[in-house]
Amino acid sequence: HTHTHTHTYHPPPTTMTTNADKFLEASAEFPDDALTDHRVYEHPLVQRYATKEMSFVWSPAMKFSTWRKLWTALATAEQELGLDISDQQLEQMRANLYNIDFALAAEKEKEFRHDVMGHVHAFGTQAPLAMPVIHLGATSCYVGDNTDLVQIRAALQLVHRKLVKVLATLKGFAQQHKDLPTLGFTHYQPAQLTTVGKRCTLWMQDLLLDLQRVEHEMETLPMRGVKGTTGTQASFLELFDGDHDKVKQLNQRVCQLMGFEKAIAVSGQTYTRKIEFYILSVLSGIAQSAYKMCGDIRLLANLKQVEEPFAKTQIGSSAMAYKRNPMRSERVCSLARYVMGLPDGAAHTHAQQWFERTLDDSAIRRVILPEAFLGTDVILNLLDNISDGLHVWPEVVRSHVMAELPFMATENIMMECVKAGGDRQELHEEIRVLSMEAGAVVKGQGKPNDLMERIKGNAKFAAVHDKLDEMMDPQLFVGRAPEQVVEFLEQEIDPVLEANRELLQIESVDGVNV
C-alpha cells in the first residue's frame with residue numbers, strides 16, 4: 001500500500017537561520033585554542049592600580065631574597081657565637097642572596113610538599129658548601145614571620161612617605177584659599193561661613209592623626225626573632241649546649257643584622273597576630289580619612305565649586321559629552337571601602353589562633369596583608385594627584401555664599417539696630433516675618449533671595465539702611481577661619497614637614513593613571 005498524499009516541502013534549515021541563531025551557535029562554546037595568554041584571573045589591584053614600589057615590597061623577589069638574608073644572618077650570628085660554620089659557607093650564602101632559581105624551588109616544594117624546605121634546597125643547590133648549616137635550629141616561621149615583618153616595615157615606610165607628601169601638597173591648597181569665604185554645611189544644609197582653606201585643614205587634621213599612628217607602628221614594630229618551634233628556643237639551647245646567654249645573644253644579633261632594634265618579648269611559634277590587626281586598623285584609618293575628603297570633593301563638584309584636575313583629552317562620560325566627573329575621588333572611595341573592611345579579617349585571625357599557633361592564619365594573611373598596603377598606597381597616590389590640581393571656581397563659591405548670606409547677616413543687622421535704640425524682640429519678630437517671606441520667594445518662585453531689599457524697604461531697620469552693603473561682606477562672617485589655617489599649618493604641619501624634609505625630596509616612581 002503506497003501513500004499518495006504529498007509532504008509539504010521544508011527548505012533546508014540553514015536558509016531559515018536568523019542572525020540571532022548564528023550568534024547563539026558562534027558564542028555557545030569557548031574554543032580551546034582561543035586567547036590562551038589571557039585565561040588566568042588578573043588581580044585588578046595589581047594589574048590596574050598598584051604602584052611599582054608597593055608591588056615590589058610584596059613581590060616574590062623581595063620575599064624570597066629576605067628568606068635568604070635571614071638564613072645568612074642566622075648562620076653569621078651562629079658562627080660569631082662559636083658554632084662550627086666556616087667563612088667559605090657564609091661566602092657562598094652571601095653570593096647567592098639574589099640568585100634565586102624559582103623553577104628549582106617549585107620542583108623541590110612539590111617533592112617535599114613544603115615551601116620552606118623547597119627554598120632551603122634551592123639555596124643549598126646554589127651554595128652547596130652551606131647546605132648543612134642553612135636553617136640550622138630554625139623553624140619555618142623563622143623565615144616566614146620575620147619576612148612578613150620586614151615587608152610590613154618597608155610597606156609602612158612607603159605609606160609614611162606618601163602621607164607626608166599628601167600633607168605637603170594639601171598645605172599649598174590650604175594656604176592659597178585660606179581667605180576665600182565659602183558656605184559651611186551642617187546636615188549638608190547651608191550653615192555659617194567658613195573658608196575653602198579652613199575646610200582643607202579638616203582633611204589634613206585627619207591625615208595628620210593617621211600619620212602619628214603610622215609613626216607609632218613603625219617605632220614599635222618588633223622582629224619575631226629566633227624563637228624555635230613553640231617559642232621556647234629549645235633547639236637553639238640544644239645547639240649551644242644549654243648556654244642561655246648565647247641563645248639570648250643570638251636572638252639580639254639576628255635582630256641587629258636585620259635592622260630591628262628589638263624582638264617581641266615572648267611568642268609561640270608565630271608572633272602574635274594582634275600586631276597585624278593594629279597595622280590594618282591604621283591603614284583603615286587612612287582609607288577613612290581619604291574617603292571623607294573625597295566624599296566632600298564629590299559633593300562640591302556637584303555644586304560646581306571645585307573640579308578635579310582634568311586631562312585635556314579625558315572623556316568624562318561616554319554618553320554625555322559635557323560631563324566633568326570626579327572619577328579619581330570616586331576611585332579613592334571605592335578602594336577605601338575595600339581597605340576599611342580588611343581589619344575584620346585580621347581581628348578574627350588573631351582571635352582564632354589556638355595555643356602556640358594554628359595554620360588557619362596563613363591563607364588569609366597572604367591575601368589581606370599585601371592588599372591592605374597595595375590599596376592604601378594607591379589611595380595616597382590618588383589623594384596627592386587630586387590635591388595637586390584641585391581647581392576652585394571662586395565666583396561660583398561666592399554666588400552660593402551670597403544666596404544664603406542675607407539670612408546669616410540678620411543677627412548682625414538686629415544688633416546694629418538695637419545699638420541705635422531699637423527693641424530686640426520687636427526687631428527679631430520683624431526679621432522672622434521678612435525671612436519667611438524671602439524664603440517663600442526663593443523656594444516657591446525659584447527667584448533670588450530678596451531679604452535685603454525687604455529690609456531696605458522697612459522703616460524699622462532705618463539705622464542700617466546706609467550700611468547694608470558693607471555689612472554683607474562675606475569676610476565679616478568667617479570668624480577665625482583664616483587665622484586658624486595659619487596657626488594649624490605653622491604649629492601642626494610645618495614641624496612634620498621639617499622633620500621629614502628628606503622624604504619630600506624622593507620622587508615616587510609611579511604617577512596616576514587617570
Side-chain angles (χ1 to χ4, degrees), residues 64-97 105 108-109 111-150 153 221-273 275 353-359 361:
F64 295 111
S65 62
T66 304
W67 281 18
R68 291 192 172 188
K69 288 176 191 176
L70 282 158
W71 281 321
T72 309
L74 179 63
T76 303
E78 286 172 338
Q79 187 209 46
E80 285 177 0
L81 290 163
L83 291 193
D84 185 13
I85 294 171
S86 71
D87 289 350
Q88 289 78 4
Q89 287 174 312
L90 295 178
E91 172 52 43
Q92 279 197 358
M93 291 173 84
R94 287 195 302 270
N96 286 285
L97 291 177
K108 294 287 187 188
E109 180 176 345
E111 188 184 325
F112 298 112
R113 316 251 338 132
H114 198 291
D115 56 348
V116 174
M117 288 315 293
H119 275 272
V120 165
H121 281 264
F123 195 14
T125 305
Q126 291 167 315
L129 288 178
M131 186 63 169
V133 298
I134 293 171
H135 203 61
L136 183 58
T139 182
S140 299
C141 285
Y142 168 68
V143 284
D145 271 26
N146 283 316
T147 293
D148 291 338
L149 290 162
V150 168
R153 177 177 64 179
L221 187 73
M223 191 171 166
R224 171 186 170 276
V226 178
K227 301 289 194 190
T229 47
T230 57
T232 64
Q233 298 173 313
S235 56
F236 296 102
L237 196 59
E238 183 71 28
L239 275 177
F240 288 105
D241 298 325
D243 188 330
H244 288 266
D245 282 340
K246 282 196 171 171
V247 177
K248 288 197 283 191
Q249 285 173 310
L250 178 72
N251 192 32
Q252 284 169 342
R253 188 67 177 128
V254 169
C255 286
Q256 278 173 351
L257 290 171
M258 293 304 296
F260 281 85
E261 284 177 23
K262 61 176 183 297
I264 193 148
V266 290
S267 75
Q269 187 174 94
T270 59
Y271 63 85
T272 171
R273 298 308 185 214
I275 287 173
Q353 283 293 289
W354 304 342
F355 303 109
E356 281 64 49
R357 86 85 50 106
T358 45
L359 193 61
D361 63 343

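Side chains included, hydrogens not; waters and symmetry mates left out as well; all remaining heavy atoms used. Along the sequence shown, residues carry numbers from 1. These figures come from a predicted structure and were not determined experimentally.
- With hydrogens and angles disregarded, no donor-acceptor distance shorter than 3.5 Å links the side chain of E78 to the backbone of L83.
- Taking both residues in full, the closest heavy atoms of T66 and M258 are given as CG2-CE, 4.3 Å, listed atom of the first, atom of the second, then distance.
- Considering every non-hydrogen atom in both G228 and T139, the closest pair reads O-CG2, 3.6 Å.
- A salt bridge links D145 to R273: one of the charged nitrogens lies within less than 4.0 Å of a carboxylate oxygen.
- Without hydrogens or angle criteria, Q353 side chain to T358 main chain gives a donor-acceptor distance under 3.5 Å.
- Listed for the Y142 side chain is a donor-acceptor partner under 3.5 Å among the backbone atoms of L70.
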*Taking it one step at a time, do F236 and L74 satisfy side-chain contact (heavy atoms from CB on, under 4.5 Å)?*
CA-CA 11 Å; F236 296 102; L74 179 63; 4.1 Å; yes
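- Residues Q79 and D87 are in side-chain contact: their nearest non-hydrogen atoms beyond the backbone lie under 4.5 Å apart.
- Within 6.0 Å of atom CD in E80, more than 12 heavy atoms from other residues, nucleotides or ligands are found, so the atom counts as buried in its surroundings.
- Separating the NZ atom in K246 from the CZ atom in R253 is a distance of 14.5 Å, to the nearest 0.5 Å.
- Summarising the geometry, atom CZ belonging to F240 is positioned 11.5 Å from atom CG belonging to D245; distances are rounded to the nearest 0.5 Å.
- Residues I85 and V133 approach most closely at CG1-CG1, 3.9 Å, considering heavy atoms.
- Note that the OG1 atom of T270 and the CD atom of E356 stand 9.5 Å from one another [nearest 0.5 Å].
- Between I275 and P222 there is a side-chain heavy-atom pair separated by less than 4.5 Å.
- Taking 4.5 Å as the limit, every side-chain heavy atom of N146 sits out of range of all side-chain heavy atoms of F260.
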_R94 and T72: CA distance, side-chain angles, deciding distance, side-chain contact (heavy atoms from CB on, under 4.5 Å) verdict_ = CA-CA 7 Å; R94 287 195 302 270; T72 309; 3.9 Å; yes
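- Residue A73 comes nearest to L257 through the heavy atom pair O-CD1, 3.6 Å, listed as atom of the first residue, atom of the second, then distance.
- Formation of a donor-acceptor pair under 3.5 Å by the R153 side chain with backbone atoms of G259 is found in this model.
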_Under the criterion side-chain contact (heavy atoms from CB on, under 4.5 Å), I'd like the reasoning laid out for E261 against M223: C-alpha separation, chi angles, the key distance, then a yes or no._
CA-CA 8 Å; E261 284 177 23; M223 191 171 166; over 6 Å; no
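- The environment of NZ in K248 is sparse: at most 12 heavy-atom neighbours from other residues, nucleotides or ligands sit within 6.0 Å.
- In this structure the side chain of Q92 reaches within 4.5 angstrom of the side chain of P128, judged on heavy atoms.
- Between N251 and A263 the shortest heavy-atom distance is ND2-CB, 3.9 Å.
- Taken to the nearest 0.5 Å, the CD atom of Q89 stands 11.0 Å off from the OG1 atom of T76.
- Looking at K108 and M117, their side chains never come closer than 4.5 Å, going by heavy atoms from C-beta outward.
- Rounded to the nearest 0.5 angstrom, S267 OG and R357 CZ are separated by 11.0 Å.
- Formation of a donor-acceptor pair under 3.5 Å by the R68 side chain with backbone atoms of N96 is found in this model.
- Counting heavy atoms from C-beta outward, K227 and I264 have side chains that approach closer than 4.5 Å.
- In this structure, A130 and M93 approach most closely via the heavy-atom pair CB-CG, 3.4 Å.
- H119 pairs in a ring-ring contact (aromatic ring centres under 6.0 Å, His included) with only one of the listed residues (W71, F112, W67), which is W67.
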